[in-house]
Participant: 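Have a look at this one before I ask anything.
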Amino acid sequence: MTCSDPRPQYDTLEDYPVYPYGDLGVTYTPNSTTFKLWSPAAQAARVKLYTDDRPTTQAHATLDLEEINRAWTATVPEDLDGTYYTFQIKRNGRWLAEATDPYARATGTNGLRGQVVDLFDTDPPGWETDRRPAMGAPTDAVLYELHVRDLSMDPHSGIEHRGKFLGLTERGTTTPRGDTTGLDHLIELGVTHVHLLPSFDFVSVDESRPDSTQYNWGYDPQNYNVPEGSYSTNPADGKVRIREFKAMVQALHAAGIRVIMDVVYNHTGRTENSNFQLLVPDYFYRFNEDGTYSDASACGNEIASERPMVRKYIRESLEYWVDEYHVDGFRFDLMGIHDIATMNDVSETLHSIDPTILLYGEGWSAGPSPLPEKQRALKANTSELIQIAAFSDDLRDALKGSVFEHEERGFVSGATDLAESVRFGIVAATAHPQIEYDSINYSEGPWAKQPGQCVNYVSCHDNHTLWDRLEISNPRDPVWLRKRMHHLALATVLTSQGIPFLHAGSEILRSKGGDENSYKSSDEVNAIKWDDKGRHGETFRYVRHLIALRKAHPAFRLGETELIARHLTFTDDGRDGQLIAYRIQDAPGDQWSDIYVVLNGAQTIRRVTLPEGEWRQVVDGTAVDPTGIGRSLTDKADVDPVSANVFVRQVTQ
């Protein structure tokens, strides 16, 4: 069928035929390049070729596409490596605006034109030997959420490639006083995964001004299969951003750290003039009954993940990041917008590539969706998801107070009615016989089938940093006391079952000066202030040692709901609005046969009754020492105000 032939008319978007193959976009060889576009809505389609990515440059060739096997296709029998291109369709007798290929794997400046590239040329030296660091169960992970730019923009970071992917490859960087920064800091801290805020190509930063002071978190996707150009040293050359992203992954892997990508398939940064809407009108979006765009993302639109070709697109995009870039997992923004079937399809596909790939997301949306709630990947439906975790806002707000009520206090900052929600977080939102589910802040029952489906955290890029929040909710408390609150919150996350998640810089009391929503604020607000590491060395050491303690002791990451219910018991000391106590006995594989954890949220010393035997304290409110802190204890112990405390009955020197 040629593009001048009569074409079938489809009554609904659901009638569109599915393209069954995996070669949409560009297939390159040195001898030829084939372009393929799926667009049943098009009456005709064409590809335009350009010698560079400047908006003023005119196409040097325009090729009509022929519809063959459900895709608009053209093959150019020459080497097009480096050539830029756009697609364009005719609909209702008129040509729509040119658009970047949704399947583009490389683009020029600002992602306005795709680029044909030989991907073999984008591999950094040694890429063929890059391997994922060893990984066990999901609960063995310690996640560290980081914005690429935040790591290196501070003038005292000692990092040469500030604000770039390459900034994460540099070793030996320090502050002027000699504290390690950047990648060496992550190694020293001991995290297992770096979770990168959106690092695919997004709309809001002008890549033609890469050295300007523009800033954005990146939750406005433009080209899903292309790294963000402003984080590269040359946004105009598609190969450079690819090679530098790979070099970053390679450096992290060499350091024993895996890479998680924050992905935003729930909406697009543009709506009417997005690549999807210009090339396959309406198909990729959900609509309200009145014909307006539905907007569960609160960003102007939401993706119709349940449609076959949308589901296929998401799955193939994620596969591509795993295969081409060696990415180790994904965090799904507003996962509650996606349908459960798509998420499980993604999980099955990615885990068939590598069963240790980590998948998790936000089990909520930012507004109502026309997709029924029972079909959506909401936190309440987590048990229907396969090997996919959700964030626990239950524990987050129980520890520090609701993110929507800034002055509200949490367990660590003085609240007396949130202890049961903290206990719920300690057992990773799983079924446990001692949890009183009618007393949980947000959930009415266990929502995680297994602890590996619960991500425990107290702060992230959204809302205030933990330190800023405590300053707002507890302005009259002295700094030393707020530090204890901060320590207690992080200690709770790192000793609870489930998957612990840390906001970058929380280990050095990171502040954004009270900025609650810094998505486009300055580097001065967002950058990690590396001098804080020297100022708050006690906090850094505390968090580092807690991570090491967790990694050394399987008792804090039992990994199965049945094991938690069997081995973890809350005690009578722990039925108090400001005190939580529990015991972990005979945890499989742990050298400590008996562990007693006491979390004191009160601003007074509390006396607790220790189980029978001789105990040594290994964690208090300011220190972690696996060999023991102070003298041996029997019968009773006094725990400091606002402190996490761990006692053990068998210590191996």
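Numbers for residues simply follow the sequence, beginning at 1. Every value quoted in this text rests on a predicted model; they were computed, and no experiment measured them.
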Participant: Kindly say whether I499 contributes a backbone atom to a donor-acceptor pair with the side chain of N456 at under 3.5 angstrom?
Facilitator: no

Participant: Which heavy atom of Q43 sits nearest to which heavy atom of N92, and what is that distance?
Facilitator: OE1-N, 3.1 Å

Participant: Take T233 and K164 through the side-chain hydrogen bond (donor to acceptor under 3.5 Å, both in side chains) test and state the conclusion after the steps.
Facilitator: CA-CA 7 Å; T233 59; K164 308 298 183 184; over 6 Å; no

Participant: Kindly say whether the aromatic ring centers of H461 and Y219 come within a distance under 6.0 Å.
Facilitator: yes

Participant: Identify the two heavy atoms, one from T356 and one from G136, that lie closest to each other, and give their separation to 0.1 Å.
Facilitator: CG2-O, 4.3 Å

Participant: Hey, is the main chain of A428 close enough, under 3.5 Å, to the side chain of T430 for a donor-acceptor pair?
Facilitator: no

Participant: Would you say the side chain of W321 lies within less than 4.5 Å of the side chain of N225, judging by non-hydrogen atoms?
Facilitator: yes

Participant: Side-chain contact, heavy-atom cut-off 4.5 Å: H503 with Y457?
Facilitator: no

Participant: Aromatic rings Y265 and Y224: how do their planes relate, parallel, tilted or perpendicular, breaks at 30° and 60°?
Facilitator: parallel

Participant: Go through I260 and Y360 one step at a time and tell me if the side chain to side chain contact (heavy atoms under 4.5 Å, CB included) criterion holds.
Facilitator: CA-CA 10 Å; I260 301 287; Y360 57 97; 3.5 Å; yes

Participant: With a 6.0 Å cut-off on the ring centroids, do Y293 and F287 count as close?
Facilitator: yes

Participant: Can you name the one residue among F276, Y19, Y16 that meets ring pair (Phe, Tyr, Trp, His ring centres under 6.0 Å) with Y283?
Facilitator: Y16

Participant: Tell me the closest heavy-atom pair linking I340 and E384, and the distance in Å.
Facilitator: CD1-OE1, 3.8 Å

Participant: Judged by atom type as modelled, is there a donor-acceptor pair below 3.5 Å linking the side chain of R243 to the main-chain atoms of D121?
Facilitator: yes

Participant: Side chains of H267 and P221: closer than 4.5 Å at any heavy-atom pair?
Facilitator: yes

Participant: Start with the C-alpha gap between T100 and V226, add the side-chain angles, then the distance that decides, and say whether side chain to side chain contact (heavy atoms under 4.5 Å, CB included) holds.
Facilitator: CA-CA 11 Å; T100 305; V226 179; over 6 Å; no

Participant: With the side chain counted from C-beta on, respond yes when L378 and E373 share a heavy-atom pair under 4.5 Å apart, and no when they do not.
Facilitator: yes

Participant: Side-chain contact test, heavy atoms from C-beta onward, threshold under 4.5 Å: evaluate it for D206 versus N110 and give yes or no.
Facilitator: yes

Participant: Could you check whether any side-chain N or O of N216 sits under 3.5 Å from a backbone N or O of K520, counting only pairs where one atom can act as donor and the other as acceptor?
Facilitator: no

Participant: Among F332, Y144, F501, find the one that has a ring pair (Phe, Tyr, Trp, His ring centres under 6.0 Å) with H195.
Facilitator: F501

Participant: For the OG1 atom of T73 and the CD1 atom of I68, what is their distance to the nearest 0.5 Å?
Facilitator: 5.0 Å

Participant: Do L49 and V47 have side chains that get closer than 4.5 Å, going by heavy atoms?
Facilitator: yes

Participant: So which heavy atom on Q387 is nearest to which on S347, and how close?
Facilitator: CB-OG, 3.8 Å

Participant: If we ignore hydrogens and angles and just use 3.5 Å, is the side chain of R258 paired with the main-chain N or O of P133 as donor and acceptor?
Facilitator: yes

Participant: Is the closest side-chain donor-acceptor distance between D290 and T292 under 3.5 Å?
Facilitator: yes

Participant: Given salt bridge (Lys or Arg N to Asp or Glu O under 4.0 Å), test K239 with D237 step by step and report yes or no.
Facilitator: CA-CA 5 Å; K239 290 183 181 180; D237 186 341; over 6 Å; no

Participant: In terms of side-chain heavy atoms, does S369 have a donor or acceptor partner in E302 at a distance below 3.5 Å?
Facilitator: yes

Participant: Just by distance, do the side chain of D339 and the backbone of E306 share a donor-acceptor pair under 3.5 Å?
Facilitator: yes

Participant: Would you check, one step at a time, whether the test side chain to side chain contact (heavy atoms under 4.5 Å, CB included) holds for D328 with L358?
Facilitator: CA-CA 7 Å; D328 307 293; L358 198 57; over 6 Å; no

Participant: When the ring planes of H326 and H253 are compared, do they come out parallel, tilted or perpendicular, using 30° and 60° as the limits?
Facilitator: parallel

Participant: Say you draw a straight line from CG of D345 to CZ of R315; how long is it, rounded to the nearest 0.5 Å?
Facilitator: 4.5 Å

Participant: Is it the case that T342 and N344 place a side-chain donor and acceptor less than 3.5 Å from each other?
Facilitator: no

Participant: Contact between E362 and D462 at the side-chain level, heavy atoms closer than 4.5 Å - yes or no?
Facilitator: yes

Participant: Do D101 and N275 pair up side chain to side chain, a donor and an acceptor below 3.5 Å, judged on atom types alone?
Facilitator: no

Participant: Counting only N and O atoms by type, is there a donor-acceptor contact under 3.5 Å from the side chain of W38 to the main-chain atoms of P17?
Facilitator: yes

Participant: Against D201, only a single residue in R105, R113, R241 fulfils salt bridge (Lys or Arg N to Asp or Glu O under 4.0 Å); can you say which?
Facilitator: R241

Participant: If we only count heavy atoms from C-beta on, is the V264 to F202 side-chain gap below 4.5 Å?
Facilitator: no

Participant: Kindly indicate, with the supporting measurements, whether the criterion side chain to side chain contact (heavy atoms under 4.5 Å, CB included) is fulfilled by L350 and L359.
Facilitator: CA-CA 9 Å; L350 297 184; L359 305 176; 3.9 Å; yes

Participant: Check the pair K90, D64 against salt bridge (Lys or Arg N to Asp or Glu O under 4.0 Å), reporting the backbone distance first and the verdict last.
Facilitator: CA-CA 11 Å; K90 179 184 282 188; D64 290 332; over 6 Å; no

Participant: On a heavy-atom basis, which atom in V203 and which in G269 lie closest, and how many Å separate them?
Facilitator: CG2-CA, 4.3 Å

Participant: Within this structure, what is the CD-CG distance for the pair E66 and L63, rounded to the nearest 0.5 Å?
Facilitator: 12.5 Å

Participant: Just wondering, are more than 12 heavy atoms of other shown residues or ligands nearer than 6.0 Å to CD in E78?
Facilitator: yes

Participant: So does K449 have more than 12 non-hydrogen atoms from other groups sitting under 6.0 Å from NZ?
Facilitator: no

Participant: Measure across W447 and A390 and return the closest heavy-atom pair with its distance rounded to 0.1 Å.
Facilitator: CH2-O, 3.6 Å

Participant: Applying side-chain hydrogen bond (donor to acceptor under 3.5 Å, both in side chains) to T271 and N273, what does each step give before you reach the verdict?
Facilitator: CA-CA 6 Å; T271 302; N273 60 344; over 6 Å; no

Participant: Any side-chain donor-acceptor pair under 3.5 Å between T268 and Y285?
Facilitator: yes

Participant: When rounded to the nearest 0.5 angstrom, what is the spacing between CG in L37 and CD in E67?
Facilitator: 9.5 Å

Participant: Distance alone, cut at 3.5 Å: any donor-acceptor contact between the side chains of K36 and T27?
Facilitator: no

Participant: Is atom CD of Q9 surrounded by more than 12 heavy atoms (other residues, nucleotides or ligands) closer than 6.0 Å?
Facilitator: no

Participant: At what distance, to the nearest 0.5 angstrom, does CG of D150 lie from CG of N526?
Facilitator: 5.0 Å

Participant: Would the distance check show the side chain of D15 and the main-chain N or O of Y10 forming a donor-acceptor pair, the cut-off being under 3.5 Å?
Facilitator: no

Participant: Rounded to the nearest 0.5 Å, how far apart are CD1 of I242 and CD of E324?
Facilitator: 7.0 Å

Participant: So, T107 and N223: side-chain donor and acceptor under 3.5 Å apart, yes or no?
Facilitator: no

Participant: Is the side chain of Q450 donor-acceptor paired with the backbone N or O of T561 at a distance under 3.5 Å, no angle test?
Facilitator: yes

Participant: Please confirm whether the backbone N or O of S39 pairs with a side-chain atom of W72, one donor and one acceptor, at under 3.5 Å?
Facilitator: yes

